Amino acid sequence: MEFIKACSVKELPEGAQKIVECGAQKVALFHFNKEITAIGNACLHKAGPLGLGAVTKKDDGHYVACPWHGWEYNIKTGAAPPGYEDKQAVYEVKIDGDDILISTLPVQKAHRAMHDMSAIEDLMKLKYETTPTSKNILGISTTNMNDDLPRYSTSEAALETALEYAAEKHGAATKMLKLRELGFRACEGYYSQHMNACTWPCSITEMEPNDGMTQVYRDMILWADIILVATPIRWGNASSLYFKMAERLNCVQNQITLKDKVLVKNKVASFIITGGQDNIQAVAGQMMVFFTDLGFTFPPFSFLGWSRGWTAEDMDKNVLQFKKSEYVKRTAKELVDNCVDTLQSIKHMDASKLKAPKPHKEDSLSFGMDNPDMNV
Ligand code: FES
């Protein structure tokens with residue numbers, strides 16, 4: 001067995017950890033419990049840097065938690081916690097005078113066990129449910145309320161009008177998702193550590209398939225031909241639930257950055273924006289920018305807006321005024337007509353030829369620059 005110098009003993013005092021190069025591999029060195037150990041640095045999940053993870057003592061030894069999504073490995077045996085079959089590569093460690101040496105080859109090879117992902121297999125394999133003739137219209141209501149004290153929502157009411165009309169007039173299959181009923185975790189910012197840490201399906205969805213965003217991914221990406229997103233105006237912006245959903249859709253956009261892969265194919269998006277006061281155009285602009293970045297197409301006149309203006313502090317009159325509005329009833333229908341017309345014209349577009357003129361990872365100024373801690 002050949003050995004190479006990893007670092008000096010002084011560089012790795014008790015309680016320290018370090019990433020070192022071992023040929024083409026990176027190895028995570030640990031000094032805990034008076035013992036120096038070495039395991040592969042690349043997490044078996046998505047290659048997160050184990051040498052940067054937090055080490056904690058458990059009943060059967062010390063474990064390092066991957067800083068990206070928390071997979072754990074025993075720092076001596078490389079084994080995942082009891083119940084999991086994964087094993088990280090283990091390297092032999094020797095002390096030679098002031099130097100720490102590690103074997104150039106692992107004494108135990110890494111083993112990535114099969115994980116049961118059947119609950120989200122349709123998302124992983126991108127099993128699209130759209131067909132050449134489908135007209136699947138997904139309404140997404142982003143307003144929030146206490147369902148024990150339900151109140152009338154103007155944005156949701158306009159969305160219901162639009163969906164009813166879509167089914168009646170165009171024979172569309174319709175679905176409504178109310179974000180407040182789904183219960184989903186906010187984006188936890190894995191992207192901020194490394195672009196590869198933001199995965200499709202979302203890392204949170206992998207960890208927790210019952211998270212409510214699973215339904216949004218399924219319906220928006222696999223099922224819908226058209227999406228209608230409805231939001232109230234809150235402090236001049238779309239609702240907080242809208243932004244919570246948008247942040248979790250980073251994993252859709254990130255596929256373009258990482259793999260030049262557009263998941264949203266031949267789909268139309270439009271918006272319903274209502275508020276007691278105003279800022280409709282700014283909200284519509286923000287939503288359009290976001291959804292065009294995902295790959296959606298817009299019809300001409302792609303949003304319905306309704307508000308009563310800056311001085312409309314008499315909020316109690318909103319619903320009365322809204323219900324009387326013939327304008328809303330008409331434009332909800334016109335919005336649907338425009339979406340369906342646009343869908344007909346893009347339905348047979350060859351999405352494989354679609355270019356995504358967005359930054360890819362190669363466009364980063366530091367692309368190709370080595371980061372000694374990262375495996376990817
Ligand atoms: S847990 Fe390590 S990369 Fe995901």
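In this text the structure is predicted, and so the values were computed from the model without any measurement. One-based numbering, in listed order, for ligands and for the atoms of each.
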Practice prompt. Write down, by chain and number, every protein residue that brings a non-hydrogen atom to less than 4.0 Å from an atom of ligand 1.
Written response: C43, H45, K46, A47, G48, C66, W68, H69, G70, W71
Worksheet, complete the sentence: OG1 (T143) and CZ (R180) are apart, to the nearest 0.5 Å, by 6.5 Å
Fill in: Residues K244 and T142: side-chain donor-acceptor under 3.5 angstrom
no
Worksheet item: How is the hydrophobic cluster of L258 composed, in terms of its other members, when Ile, Leu, Val, Met, Phe, Trp and Tyr link through side-chain heavy atoms under 4.5 Å apart, directly or indirectly?
Response: Y191, M195
Worksheet item: Is it the case that K175 places NZ or CZ above or below the six-membered ring of W223, under 6.0 angstrom from the centre and within 45 degrees of the axis?
Response: yes
Worksheet item: Going by atom types only, do H115 and E206 share a side-chain donor-acceptor pair under 3.5 Å?
Response: no
Worksheet entry | Salt-bridge criterion met for R330 and E326 (N-O under 4.0 Å) | no
